[in-house]
Protein chains: 2
Amino acid sequence: MAKDRSDPPRPADRPAYEQVKDWIRGHIARGDWKPGDPVPSEAALMARFAVSRMTAHRALRELATEGLVTRVQGSGTTVAQLHRISSRLVIRDLHEEVAERGHVAGTRVLTVAQEKAGAEVAAALGLRKGARVFHTVLVHLENGVPIQYEDRYVNPLAAPDYLATDFATTSPTSHLLRCAPLTEASYSIEACLPRAAEARALAMTTAEPCLVMVRRTVSGAHVASIARQLYPASRYSFTGAFQA
Amino acid sequence: MAKDRSDPPRPADRPAYEQVKDWIRGHIARGDWKPGDPVPSEAALMARFAVSRMTAHRALRELATEGLVTRVQGSGTTVAQLHRISSRLVIRDLHEEVAERGHVAGTRVLTVAQEKAGAEVAAALGLRKGARVFHTVLVHLENGVPIQYEDRYVNPLAAPDYLATDFATTSPTSHLLRCAPLTEASYSIEACLPRAAEARALAMTTAEPCLVMVRRTVSGAHVASIARQLYPASRYSFTGAFQA
DNA sequence: CAGTGGTCTAGACCACCGA
DNA sequence: CGGTGGTCTAGACCACTGG
């Protein structure tokens with residue numbers, strides 16, 4: 001998962017295309033080449049590094065997918081306009097994350113039910129109003145402290161045996177990933193004040209803010225699930241890093 | 001930036017390695033191959049698609065960097081354990097984002113100053129306590145409505161002429177990106193209640209929550225800047241999508 | 001038109017894993 | 001040991017851009 005930035009570059013055995021990438025990255029990072037400036041062409045790199053065109057091409061192609069340079073066929077390669085700060089926001093299974101911190105994960109099950117979908121839920125899941133849907137409300141704990149309140153609706157067509165899950169040991173996410181391979185998802189990160197019941201479940205007051213992750217996942221032809229996850233702001237934040 | 005999902009696959013002209021990727025992706029999405037299952041080897045793909053090894057290799061390599069499959073030298077390629085929902089969270093220039101929505105961006109300048117760094121700021125910027133730092137406080141507007149309160153400290157070593165910027169027309173981000181090429185950044189997304197002054201500047205009450213983006217950017221040897229950006233939760237959220 | 005990048009092949013050598 | 005992936009080469013054809 002994490003790139004090993006530990007050992008600098010073992011000089012010799014580093015692949016040629018990586019050496020080319022490093023050289024270009026260095027010039028960009030050092031500011032020798034500013035956004036918009038041309039980057040040496042594949043032919044130039046072939047000469048300078050005594051590599052084949054495939055190798056030079058691979059170096060530039062990877063830098064392009066990393067967003068550092070822009071390539072235009074027929075025109076050339078240039079340093080990308082803005083090195084946009086962009087980083088992979090990974091939405092992981094919370095239990096996994098807690099376990100990785102060496103802490104104990106727990107779950108309190110508040111609701112596990114089959115319901116008739118209201119208008120909003122039905123629309124979000126792509127079902128008719130009144131259709132049968134699964135509904136769970138769970139509180140996830142880290143070392144006994146509540147860190148997430150999860151309100152989720154699941155489409156029975158995507159996960160018929162969802163309610164049979166033992167939520168104390170298996171998180172909804174991991175069950176869904178297993179039986180409904182993920183093809184698409186969208187999310188939104190918001191902030192809000194918790195409702196009374198939510199605050200109670202999270203052992204906080206209704207005056208303290210929460211981070212909210214609202215998520216909609218699609219599996220093949222079906223919307224699999226919509227979830228609303230509340231995190232007490234005092235105990236959780238989303239973090240990330242970026243480098244290049 | 002966005003992948004074009006508009007036109008299905010133009011059958012003929014689609015590159016061979018993309019066709020191979022699509023075929024594998026399809027089997028994974030459809031659930032034919034579950035996490036942990038083996039994916040056809042390069043040799044098998046060569047035979048099935050009548051392509052060279054380089055082409056088969058490229059297909060598998062790209063799927064691996066996309067996180068869909070796991071490759072182990074000497075062992076083989078398997079479907080990745082969890083299709084983690086991961087998506088690129090792009091941190092863009094706010095003015096750009098507003099302009100893209102067809103709205104009018106504006107900026108209100110509250111503070112532009114040179115100060116002596118307090119202990120915390122100095123530590124975060126990697127300077128001695130009392131060192132000279134630049135400090136700006138701005139409010140960014142969309143169609144005249146405040147959407148971001150930005151409190152930022154800048155390292156003079158990274159951007160000596162920062163204070164000379166006309167912040168009404170140039171955002172700090174774009175100035176910094178121009179004069180201090182970005183090599184590294186980390187961020188954290190939190191939620192909080194605004195302080196009185198912040199709430200006033202954002203035309204909100206101190207009881208309404210804010211989304212907070214805390215960011216630290218590194219340029220070469222220097223920490224370039226630390227910023228704390230408050231968004232009224234009622235007017236802004238971070239969104240993203242993922243597909244594979 | 002020459003120069004660029006986009007793709008592809010047939011072959012090669014190596015390092016690694018598992019039986 | 002055979003099968004796997006990781007890298008690399010020398011050459012090829014194409015599509016596009018720019019002067």
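Just so it is clear: chains get the letters A, B, ... in the order the sequence lines come, proteins before strands, and each one is counted from 1.
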_Side chain proximity check, B:Thr65 to A:Glu62, heavy atoms < 4.5 angstrom_ = no
_Considering only residues two or more places apart or on different chains, which pairs with a residue in residues 151-173 of chain B satisfy salt bridge (Lys or Arg N to Asp or Glu O under 4.0 Å)?_
B:Glu150-B:Arg152
*Taking all atoms of both residues into account, what is the closest heavy-atom pair of A:Arg216 and A:Val223, and its distance?*
NH2-CG2, 3.5 Å
*Cationic N near anionic O, under 4.0 Å, B:Glu190 to B:Arg228*: no
*Got a sec? Which of residues 41-52 of chain B come in under 4.0 Å of DNA chain C, heavy atoms?*
B:Ala50, B:Val51, B:Ser52
*With the sugar-phosphate defined as primed atoms, P, OP1 and OP2, and the base as all remaining atoms, what B/S/- string results for nucleotides 14-19 of chain C, 5' to 3', for protein heavy atoms under 4.0 Å?*
-BBB--
*What residues, two or more places apart in sequence or in another chain, satisfy side-chain hydrogen bond (donor to acceptor under 3.5 Å, both in side chains) together with B:Arg30?*
B:Asp32
*Name all pairs fulfilling the ring pair (Phe, Tyr, Trp, His ring centres under 6.0 Å) condition that reach into residues 40-80 of chain A, sequence neighbours left out, sorted by first residue then second.*
A:Trp23-A:Phe49
*State the CZ-CD distance between B:Arg25 and B:Glu18, to the nearest 0.5 angstrom.*
6.5 Å
*asked:* Contact between B:His140 and B:Gln229 at the side-chain level, heavy atoms closer than 4.5 Å - yes or no?
replied: no
*Aromatic contact, B:Tyr153 with B:Tyr162 (centres under 6.0 Å)*: no
_Under 4.0 Å from a heavy atom of chain A: give me the 5'-most and 3'-most nucleotides of DNA chain D that qualify._
D:dT7 to D:dT17
*Output the distance between atom CG (A:Leu68) and atom CD1 (A:Ile28), rounded to the nearest 0.5 Å.*
4.5 Å
*asked:* For a quick check of understanding: with a heavy-atom distance under 4.0 Å over all strands, which category does A:Arg53 fall into, base, sugar-phosphate or nothing?
replied: base
